[in-house]
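Each remark here refers to the structure printed beneath this line.
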Amino acid sequence: MHDMFTTIDHLFTPGKGILAADESKTSIGKRFRELGIADTPELHRQYRECLFSTPELEEYISGVILSDETIHQTMSDGTPFAASLQQRGMLPGIKVDRGLTPAALSDAEQWTEGLDGLRERLQAYKALGAVFAKWRAVFVISESTPTLGNLQANCQTLARYAALCEEAGIVPIVEPEVLYDGTHCLSQSYEVHEQVWRELVYQLYQQGVSFETTILKASMVLSGKEHHHADAVEDVAAATIQGLSHTLPASLGGVVFLSGGQSNEQAYAHLNAMCRDYTGLPWALTYSYGRALHARAMAAWGGQEAHIPAAQEALLADARACSLASRGALS
Ligand code: 13P
């Protein structure tokens, strides 16, 4: 059995990162429909099998986040996905939140659901092989948001989830995603990220969560997608590292990044600049990308068995680029 420290050491193996393949049935269905792929559980399964059976993927991927649907599915030969990943040295993780719901009295914001029954669900996921978990909360930047109430509620929920995970011996990944949508500038993004990370650390402390066995999944400090001015790569790297350094305890287990709607090239360049220019940080940094790791693979696959080799080639090329970026060695 994996203890939490072993799990963290493995996830942060130098040059490796996490593949976020945990889209819920609804989210994967939406992506499939956009590409003209039929939205069926069997095609969801075939797509995940295509990703997970990619030759040499374990050279670049230390862990894979699964959804509730996927952790119950198997490879064509009947081996459960979690066992198949584990056999190849890729640790299975599980997304345990139950998605977003509109926040009461603040219609522009959202809460994340899923604490009810979580203690029992964690035991069931553990029995299925999960050694780490993920919970995502979202924060919207606008003139009136995030509100203090939403900031505190989402961070407290993340901390309560993390406490339940640690109680179960499952490493919690806490993911407070500050959304990239909007017209805000880099310094507004910085302010909100700093507020969110500060509040999250406070709430984790209040709930007695051990930082050493917790991983932060962070969004990068970026101007909004609709902002008129594109950020310089070095400015994103500097702002993100500054915000993390101002707020996180040195004892935290590590930091992984989400891609959050950036282009693949942006997501790689930003990670590369952070890992190249900021050595000697107290925590390891690496990727936990969803779209920036497998959107190209999904498009190449297109629901066709004959396209599996092309999809796997796309995934491997993107995983290799992420790996180089995590070493600050991407040219
Ligand atoms: P993206 O990299 O596509 O943002 O996905 C990462 C993730 O896990 C979102 O919850």
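Counting from 1, the numbers follow the sequence of the chain as shown. Indexing begins at 1, ligand by ligand and atom by atom, following the structure's order.
When all heavy atoms are compared, the tightest approach of L216 to P176 is CD1-CD, 3.5 Å.
A heavy-atom separation below 4.0 Å is not found between A292 and ligand 1. Using 4.0 Å as the threshold, K134 has a heavy atom nearer than that to some atom of ligand 1.
Of all the heavy atoms of A20, the ones lying under 4.0 Å from any atom of ligand 1 belong exclusively to the side chain. Neither the backbone nor the side chain of K95 has any atom closer than 4.0 Å to an atom of ligand 1 (non-hydrogen atoms only).
In terms of protein heavy-atom proximity, atom 1 (P) of ligand 1 is closest to S259 OG, 3.3 Å. The protein atom (non-hydrogen) at minimum distance from atom 5 (O) of ligand 1 is G290 N, 3.5 Å.
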Under the side-chain hydrogen bond (donor to acceptor under 3.5 Å, both in side chains) rule, what do H294 and Y289 come out as? Steps first, then yes or no, please.
CA-CA 8 Å; H294 67 95; Y289 292 160; over 6 Å; no

Would you sort out whether K95 and D68 count as a salt bridge (Lys or Arg N to Asp or Glu O under 4.0 Å), showing the intermediate values?
CA-CA 7 Å; K95 168 200 165 83; D68 179 71; over 6 Å; no

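Among the atoms of I65, none of the N or O lies under 3.5 angstrom from an N or O of ligand 1. Where the criterion is an N or O separation shorter than 3.5 Å, residue side chain and backbone included, E175 meets it with respect to ligand 1.
Aromatic pair F32/W301: ring centres closer than 6.0 Å.
Less than 4.0 angstrom separates some heavy atom of R136 from each of these atoms of ligand 1: 10 (O). When each atom of ligand 1 is checked for a heavy atom of G260 under 4.0 Å away, the hits are 1 (P), 2 (O), 4 (O). Numbered from 1 in the order shown, with element, the atoms of ligand 1 that lie under 4.0 Å from a heavy atom of Y289 read 2 (O). Of all atoms in ligand 1, listed by their number and element, those nearer than 4.0 Å to a heavy atom of K217 are 6 (C), 7 (C), 8 (O).
Checked by atom type, the side-chain pair S323/S326 shows no donor-acceptor distance below 3.5 Å. Checked by atom type, the side-chain pair E69/S24 shows no donor-acceptor distance below 3.5 Å.
Each of T214, I170, V171 was checked for a side chain to side chain contact (heavy atoms under 4.5 Å, CB included) with M4, and the lone residue meeting it is V171.
In this structure, R296 does not pair ionically with E313, as no charged nitrogen and carboxylate oxygen lie closer than 4.0 Å.
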